[in-house]
Amino acid sequence: MQRPIERDPARANRGEIIDDIGRRINYARISVTDRCNYRCSYCMPEDGVSGLRHDEIMRYEDITFLCRVLEGLGVRKFRFTGGEPLVRKGMITFLRGFRRDFPNAALALTTNASLLGKYSADLAGIGLASLNISLDTLNPEKFRRITRVGDLRDVVAGVGAARAAGVPTIKTNTVLIRGFNDDELPAILSFAWDNGFMPRIIEFMPLDGALWREDKFISAREVLGASPFYEPWRPTAPEGTGEVPSGPAAYYIDNRNRVVGIIDAVSKHFCASCNRLRVSASGCLRACLFGAADVRLLDMLRERDEVLLREAVLTGMMTKPEHWDVSSFGAGNMSGIGG
Ligand code: SAM
Ligand code: SF4
């Protein structure tokens, strides 16, 4: 449901983004590239995305300026994503600079892990607080099938390197696909727990109508509830830290103190507690993952126009729907939006 834009310039002076139903937005997910070295079949077409030209994506200096303005508006956590963020040249240097420029912000990265063998030590040294890693299967043949080009050995070596390097929080993200990996959940969860990672199960979201099929969808709770492998689950605070829930994941703990996160964006809305905004690699603000209305920020970023940028962000965030509905489906693919 898209509501009319309500503009309230006073918000800009309050130094925070609070939308018109009172949600405080303090978490930004920024895509640094639309490109990827994989072609996951639930995320992009087989021949990949068309690929933005260099002048169509945010430069690192643009991203730093964006972060500065967002920090001024109360954003405290920044996650960099893609496409695959580690394929962008200069990413480690950028993250090092980010850490220096924003010492108090939480810094996180989402990656397919294929390049972590190369970059984990750098990432840990930079002080990355958290790393989210895609892990949809532990079967090499299925892995190749879902990613179309990937080699599971790179990912297993990559997650091992991240663990050895000492990145404090590592989460695995598994997109649940009926008939593909719903039977593999016990193995994937055990792999995560045994390695000290936090497993999260993500429902297959219908972002790109051409890639999503209803018969491939299975609700996370259905899988979790049905398997004899699992103990009874009790709700718990995010990551057992006592934090107030603010993200899409609901966390559950079993009698053996094993925790799993469920991102059931499709079967159960988490919109009421959503605290995030997204910016695509092309510099477009998206108030809601499922919302179609993007606000183009690139020119303001290039011109370093802080006043206009603040206003565009504040105004754009007023279009955040109270919750998404079925008419929002097909709002683009994840590699373009940034996951
Ligand atoms: N390349 C990185 C990766 O794979 O982690 C970062 C970008 S990827 C778009 C971010 C997250 O979005 C991944 O965890 C991926 O599994 C998830 N994703 C992509 N398409 C999805 C879909 N249709 N439904 C649910 N999750 C999806
Ligand atoms: Fe690439 Fe990540 Fe999309 Fe897979 S999910 S194609 S790794 S961006």
Side-chain angles (χ1 to χ4, degrees), residues 29-52 79-88 91 108-116 119 123 128 130-137 142-152 154-155 158-159 162 170-178 180-182 188 192 197-214 216-220 247-249 261-267 270 276 278-281 286 289-290 324 328-339:
R29 298 173 66 99
I30 299 174
S31 173
V32 297
T33 180
D34 62 330
R35 289 164 202 256
C36 187
N37 52 348
Y38 287 175
R39 302 267 174 279
C40 300
S41 57
Y42 54 78
C43 178
M44 59 169 79
E46 189 159 9
D47 48 358
V49 287
S50 60
L52 295 163
R79 174 175 298 282
F80 296 102
T81 178
E84 174 46 45
L86 293 175
V87 301
R88 181 158 176 186
M91 187 63 192
L109 190 77
T110 300
T111 172
N112 63 25
S114 61
L115 296 170
L116 284 180
Y119 294 124
L123 292 172
L128 195 75
S130 120
L131 196 57
N132 285 7
I133 288 169
S134 288
L135 188 70
D136 300 320
T137 175
K142 280 163 77 176
F143 185 81
R144 167 62 66 127
R145 199 153 24 103
I146 197 83
T147 61
R148 295 189 174 115
V149 291
D151 186 333
L152 182 64
D154 296 336
V155 168
V159 296
I170 300 178
K171 298 176 193 161
T172 55
N173 285 338
T174 301
V175 178
L176 205 52
I177 301 172
R178 188 187 288 279
F180 174 74
N181 61 2
D182 43 336
I188 294 171
F197 306 153
M198 167 70 65
R200 305 193 317 162
I201 307 165
I202 306 178
E203 289 183 351
F204 186 12
M205 302 178 208
L207 284 157
D208 182 329
L211 303 180
W212 191 82
R213 287 202 349 230
E214 196 170 355
K216 295 280 176 206
F217 175 81
I218 179 164
S219 95
I262 295 181
I263 302 177
D264 42 3
V266 180
S267 58
F270 48 75
R276 55 195 56 199
R278 291 180 161 78
V279 181
S280 68
R286 181 170 285 207
L289 180 56
F290 293 100
W324 62 266
S328 335
F329 284 8
N333 58 41
M334 204 64 122
S335 61
I337 304 161

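Counting starts at 1 for both ligands and their atoms, in listed order.
- Close N/O approach between Tyr42 and ligand 1 is found [any backbone or side-chain N/O within under 3.5 Å].
- Taking backbone and side chain together, Cys43 holds an N, O or S atom under 2.8 Å from atom 3 (Fe) of ligand 2.
- Under 3.5 Å, the side chains of Glu84 and Thr33 contain no donor-acceptor pair of N or O atoms.
- Proximity of Val175 to ligand 1, defined as any heavy-atom pair under 4.0 Å, is confined to the side chain (atoms from C-beta onward).
- Inclusion of Gly82 in the set of residues having an N or O under 3.5 Å from an N or O of ligand 1 is not warranted.
- Every heavy atom of Cys40 sits 4.0 Å or more from the atoms of ligand 1.
- Residue Glu84 approaches ligand 1 through these ligand atoms, each under 4.0 Å from one of its heavy atoms: 1 (N), 2 (C).
- The closest side-chain donor-acceptor pair between Thr174 and Asn181, if any, does not fall under 3.5 angstrom.
- Of all atoms in ligand 1, numbered sequentially from 1 with element shown, those under 4.0 Å from a heavy atom of Glu203 are 24 (N), 25 (C).
- Taking the side chain as every heavy atom from C-beta outward, Leu152 and Thr137 never approach each other to under 4.5 Å.
- Residue Ser134 places at least one N or O, backbone or side chain, under 3.5 Å from an N or O of ligand 1.
- A distance of 5.0 Å separates CZ of Arg276 from CZ of Arg29, quoted to the nearest 0.5 Å.
- At least one heavy atom of Gly83 sits closer than 4.0 Å to an atom of ligand 2.
- Set against the non-hydrogen atoms of Gly83, the atoms of ligand 1 under 4.0 Å away are 1 (N), 2 (C), 6 (C), 7 (C).
- Contacts of Thr111 with ligand 1, taken as heavy-atom pairs under 4.0 Å, involve the backbone alone.
- Residues Thr111 and Ile133 meet the side-chain proximity criterion, which asks for heavy atoms closer than 4.5 Å.
- Side-chain atoms of Thr110 and Arg79 include a donor-acceptor pair closer than 3.5 Å.
- Within the model, atoms OG1 of Thr147 and CZ of Arg39 stand 10.5 Å from one another, a figure rounded to the nearest 0.5 Å.
- Here the CG-CD1 distance, from Asp182 to Ile201, works out to 11.0 Å after rounding to the nearest 0.5 Å.
- For ligand 1, the polar-atom distance check against Thr81 finds no nitrogen or oxygen pair separated by under 3.5 Å.
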